[in-house]
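To start, the structure under review is shown below, and the notes come after it.
Just so it is clear: chains get the letters A, B, ... in the order the sequence lines come, proteins before strands, and each one is counted from 1.
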Protein chains: 4
Amino acid sequence: MEWKFRSDLPIYAQIVEQFRQSIVSGKLSPGQRLESVRDLSMEAGVNPNTMQRALQELEREGLVYTQRTAGRFVSEDAAVIERGKRAMAMEKIREFLSAMNSLGYSREEILSLLSEEKEEENNADS
Amino acid sequence: MEWKFRSDLPIYAQIVEQFRQSIVSGKLSPGQRLESVRDLSMEAGVNPNTMQRALQELEREGLVYTQRTAGRFVSEDAAVIERGKRAMAMEKIREFLSAMNSLGYSREEILSLLSEEKEEENNADS
Amino acid sequence: MEWKFRSDLPIYAQIVEQFRQSIVSGKLSPGQRLESVRDLSMEAGVNPNTMQRALQELEREGLVYTQRTAGRFVSEDAAVIERGKRAMAMEKIREFLSAMNSLGYSREEILSLLSEEKEEENNADS
Amino acid sequence: MEWKFRSDLPIYAQIVEQFRQSIVSGKLSPGQRLESVRDLSMEAGVNPNTMQRALQELEREGLVYTQRTAGRFVSEDAAVIERGKRAMAMEKIREFLSAMNSLGYSREEILSLLSEEKEEENNADS
DNA sequence: GTGGTCTAGACCACC
DNA sequence: GTGGTCTAGACCACA
């Protein structure tokens with residue numbers, strides 16, 4: 001994982017984002033054990049409290065769970081993960097549409113531009 | 001304008017982005033005079049050199065032009081501005097598709113999700 | 001290379017000119033590594049920033065390219081170099097015609113004088 | 001007249017060049033009175049001795065002459081002026097051919113490029 | 001006042 | 001070590 005933080009969002013929220021992304025994309029597998037809070041916080045160069053807060057948020061969302069003494073693990077509940085994935089996707093979509101909107105593009109134009117990009121990519125493939 | 005800078009892109013590049021966005025979206029009108037380098041740099045809280053570099057980049061792109069002692073102005077060439085707008089849109093699209101891709105969505109799924117979002121928005125409108 | 005600077009053109013632009021000249025004339029070979037920014041700036045007796053700016057301009061023109069940590073290299077793209085060569089030649093020609101013009105020579109006279117010079121040189125050869 | 005000096009040639013020589021240019025191109029007319037050494041040196045921002053040396057050189061070339069108490073005047077000898085004009089032209093030509101040569105262009109290519117430039121200019125006229 | 005250039009020197013990421 | 005970025009502050013030409 002790469003740990004770079006923007007200044008426009010609390011660090012703990014950025015950590016949550018990153019974990020969520022890794023989990024729903026499968027980069028972290030269901031059932032996989034996470035490193036300890038202490039190790040993770042050192043890697044990320046943040047205060048252990050910050051890392052702790054992020055992990056608790058993920059737990060609240062059901063994406064990770066804790067086993068008393070063994071540590072934290074990625075959820076094995078496919079439905080929960082799928083739900084998180086959808087949520088992130090819709091978030092990206094809203095961001096995207098909002099950005100295109102502020103550039104002055106209508107829905108129809110956006111779809112048309114998406115098609116163009118697809119064609120370009122196909123050309124690049126050939 | 002809001003001047004907050006991320007750490008994952010050079011400041012001068014973020015300034016360029018911001019101006020480009022404002023120009024192609026029409027928030028800055030063709031022919032409009034920009035504030036002086038000194039004033040802008042103070043507002044943004046950056047060194048005058050950094051602001052200068054950003055503005056020169058915009059000039060190279062044709063989005064602004066300089067009049068020796070009078071200041072800098074937004075280009076009045078609609079074709080140049082349209083070109084910049086298209087370039088920014090394609091950039092956003094590529095970012096979006098890449099993000100959706102790393103979440104594990106195929107092109108077809110992306111289009112399908114876009115439709116869902118549209119419906120939701122329509123419902124929200126009504 | 002000789003590093004003497006006139007006062008009628010920014011130093012960075014004169015450095016660009018000098019490199020461009022060396023590259024298109026083949027004095028710097030395609031693929032050849034340039035010295036580091038620091039070394040070049042010391043040799044030329046200018047600030048590293050000034051040298052950096054010149055090299056970035058050359059990069060924008062495609063005449064050199066950068067490899068992250070290895071340094072800068074002369075482009076190996078013959079078409080780009082040929083284009084630069086033509087551009088410099090046309091520039092010299094325009095300067096020359098303009099100078100002759102302000103001396104009061106017409107196009108026909110210029111061509112005639114060029115022939116004279118050729119003959120003189122031929123005589124000098126024999 | 002504009003007085004900017006390069007550092008690659010003695011200032012007095014650059015002054016000579018400038019006067020020679022003005023005289024042979026007719027910008028200074030035959031018989032015209034030059035300003036005093038004192039005034040000229042102040043305008044140019046150089047030491048009076050430097051200006052004096054330049055004017056003596058021009059006198060040696062016959063391009064100006066001195067009348068004891070009335071001052072210095074541009075030569076009225078058309079042959080002398082014509083000779084100076086030719087000398088300057090041949091100098092420009094040699095510089096030009098040398099520059100093109102170091103770019104790697106042969107005599108034939110130079111003539112061909114000159115023709116191209118002529119055409120471009122004609123197009124620009126239309 | 002405007003933009004433009006330059007120096008001096010710092011810090012960063014990368015390898 | 002490499003290139004890249006940024007700051008601080010000076011000086012210039014132009015009008």
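- Residue Gln56(C) is classed as a sugar-phosphate contact, given heavy-atom separations below 4.0 Å to backbone atoms only.
- Here dG9(F) presents its P atom at 17 Å from CG of Asn47(C), a figure rounded to the nearest Å.
- Counting all heavy atoms, side chain and backbone alike, Gly31(B) lies closest to Phe73(B) at O-CD2, 3.5 Å.
- Among the nucleotides dT5(E), dA15(F), dC6(E), the one closest to any side-chain atom of Ile11(C) is dC6(E).
- Within 6.0 Å of CZ on Arg53(A) lie no more than 12 heavy atoms contributed by other residues, nucleotides or ligands.
- When side chains are defined from C-beta on, Leu9(B) counts as touching Glu17(B), because their heavy atoms get closer than 4.5 Å.
- Atom CD of Gln14(C) is separated from atom P of dG4(E) by 18 Å (rounded to the nearest Å).
- Rounding to whole angstrom units, CD of residue Glu35(B) and P of dG1(E) are separated by 15 Å.
- Taking atom CD1 of Ile15(B) as the reference point, atom C1' of dC6(F) lies 11 Å away to the nearest angstrom.
- With both pairing distances under 3.5 Å, dA13(F) is matched to dT2(E) as a Watson-Crick or G-U wobble pair.
- In this structure, Arg20(C) contributes its side chain and Leu63(C) its backbone to no donor-acceptor pair below 3.5 Å.
- For the pair Asp8(C) CG and dC6(E) P, the computed distance is 12 Å after rounding to whole Å.
- When rounded to the nearest whole Å, the span between CE of Met51(C) and P of dT2(F) equals 14 Å.
- Remark: Ser36(B) is in phosphate contact with dT2(E), judged by side-chain N or O atoms under 4.0 Å from OP1 or OP2.
- Between Thr50(B) and dT7(F) there is a side-chain N or O to OP1 or OP2 distance below 4.0 Å.
- Comparing Arg38(B) and Leu9(B) by the nucleotide of DNA chain F that holds the closest heavy atom to each, the one mapping nearer the 5' end is Leu9(B).
- Looking at heavy-atom distances under 4.0 Å, Arg53(C) makes contact with sugar-phosphate atoms alone, never a base.
- Mapping Asn49(C) and Val37(C) onto DNA chain F by nearest heavy atom places Val37(C) at the nucleotide closer to the 5' end.
- Between the OH atom of Tyr65(B) and the P atom of dG4(E) there is a distance of 14 Å, given to the nearest Å.
- Taking every side-chain heavy atom of Pro10(C) into account, dC6(E) is the closest of dA8(E), dG4(F), dC6(E).
- Note on Tyr12(B): a side-chain N or O is less than 4.0 Å away from OP1 or OP2 of dT5(F).
- One atom, CZ of Phe73(B), and another, P of dT2(E), lie 11 Å apart when rounded to the nearest Å.
- Among all heavy-atom pairs drawn from Ser41(C) and Pro48(C), the shortest one is CB-CA, 3.6 Å.
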